[in-house]
Student: 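Got a structure for you, questions after.
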Amino acid sequence: KELAMGMEAEISITIDAICPLNQISKIFESFLDPLVTTSLNLNVDILEELERKVLEFEVDFAIGHFTGEQHQDLEAIPIIKSKMIPVIASSFYKKTDGTLDDLKNYPQIIVKSSNKASTRIIHGAAKGMRQWFTTDMSIKEQLILNSLGWGRLPEHQISSHIIDGSLSVVKDIPTIKSREIEISLIRNTKKVMGPNTRRLWDYLIQLGSN
């Protein structure tokens, strides 16, 4: 069936905002062969929104954290991991004593899915904390950098801020730790892949086997 479809004109992929793109960029580079005419349409989403787009055939597949229970039409294959680190503006952190009680005075910034079906689902919330919500990882980063709260951000996104001292890692609080998040390839098994989509999917699966 796939071969009968011919070469698809476009491959549409949604990528989780926490995904370390540097780890899969070489795969995309290999895919972008001058002889390949298929174009890539890349979107960035978060949490359950990825799965919604896959289930509703809005994208060919997703690369991100699989948040839901195994749906009968969804296939999720782990390939890499992303480390989420709790950080706070260094100037802000110096005003605290590094305890949980003191940190409770400042809001936890949380990224929440814009998917209406998941509005009640909050991932990574610390108990007893005030929370501010956004649907954008970059906005979350800016809020934290501007001393408006604290929260977990992907290591690859904030490593430079930690090095230059603008962000400090929240340490010595047992209930607030770094978290490793599994990143998977997610597809709808009812959606037929074209030849190049299948080739890219197989390339990405190799990440998990290396």
Student: Going by heavy atoms in the side chains, are R187 and L74 under 4.5 Å from each other?
Tutor: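 Result no, sub-4.5 Å side-chain heavy-atom pair not found.
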
Student: Which atoms form the tightest heavy-atom contact between V170 and I88, and what is the distance?
Tutor: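 Closest pair (atom of V170, atom of I88, distance): CG2-CG2, 4.1 Å.
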
Student: Looking only at heavy atoms, what is the nearest atom pair of S90 and G165, with distance?
Tutor: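 Minimum heavy-atom separation between S90 and G165: OG-O, 2.6 Å.
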
Student: Do the side chain of H65 and the main chain of E182 share a donor and acceptor less than 3.5 angstrom apart?
Tutor: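 Judged by distance alone, yes, a pair lies under 3.5 Å.
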
Student: State whether a side-chain donor-acceptor pair under 3.5 Å links E180 with S82.
Tutor: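 Result is no, nothing qualifies.
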
Student: Restricting to salt bridge (Lys or Arg N to Asp or Glu O under 4.0 Å), what partner residues turn up for D136, sequence neighbours left out?
Tutor: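 Checked D136 against salt bridge (Lys or Arg N to Asp or Glu O under 4.0 Å); zero matches.
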
Student: Return the minimal non-hydrogen interatomic distance between W150 and Y106, and the atom names on each side.
Tutor: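 For W150 and Y106, the tightest heavy-atom pair comes out as NE1-O, 3.7 Å.
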
Student: So K53 and D45, side chain to side chain contact (heavy atoms under 4.5 Å, CB included) or not? Walk me through it.
Tutor: CA-CA 9 Å; K53 286 189 173 182; D45 288 293; 2.9 Å; yes

Student: Of the non-hydrogen atoms in K83 and S178, which two are nearest, and what is the gap between them?
Tutor: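 That would be CE-CB, 3.8 Å.
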
Student: Testing L145, L148, V111 for side chain to side chain contact (heavy atoms under 4.5 Å, CB included) with K140, which one passes?
Tutor: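 Exactly one option meets the side chain to side chain contact (heavy atoms under 4.5 Å, CB included) with K140, and it is V111.
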
Student: Which heavy atom of L153 sits nearest a heavy atom of Q157, and at what distance?
Tutor: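 Here L153 and Q157 meet closest at CD2-NE2, 4.2 Å.
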
Student: For S39 and A9, indicate whether the former's side chain and the latter's backbone hold a donor-acceptor pair under 3.5 Å.
Tutor: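 Yes.
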
Student: Which pair of heavy atoms, one from I80 and one from C19, lies closest together, and at what distance?
Tutor: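 Heavy atoms of I80 and C19 come nearest at CD1-SG, 4.4 Å.
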
Student: Establish, yes or no, whether the cationic atom of K191 lies under 6.0 Å from the six-membered ring centre of F57 and within 45° of the ring axis.
Tutor: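 K191 over F57 ring: no.
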
Student: Exactly one of D202, T197, L204 should register a side chain to side chain contact (heavy atoms under 4.5 Å, CB included) with L200. Which one does?
Tutor: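 Among D202, T197, L204, the one meeting side chain to side chain contact (heavy atoms under 4.5 Å, CB included) with L200 is L204.
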
Student: Within the structure provided, determine whether I181 and I18 are in side-chain contact (heavy-atom separation under 4.5 Å).
Tutor: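 A side-chain contact under 4.5 Å exists here.
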
Student: Any sub-3.5 Å donor-acceptor pair from R179's side-chain atoms to R152's backbone N or O?
Tutor: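 Answer holds: no.
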
Student: When you measure from the side chain of S166 to the backbone N and O of H161, does any donor-acceptor pair fall under 3.5 Å?
Tutor: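 Between the backbone of H161 and the side chain of S166 there is a qualifying donor-acceptor contact (under 3.5 Å).
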
Student: Would you say the side-chain atoms of S12 and E58 include a donor-acceptor pair closer than 3.5 Å?
Tutor: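 Note: S12 and E58 side chains miss the donor-acceptor criterion.
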
Student: Do R130 side-chain atoms and Q108 backbone N/O form a donor-acceptor pair below 3.5 Å?
Tutor: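 No.
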
Student: Verify whether one side chain among N43 and T14 offers a donor that lies under 3.5 Å from an acceptor in the other.
Tutor: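 Per modelled atom types, N43 and T14 side chains form no pair under 3.5 Å.
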
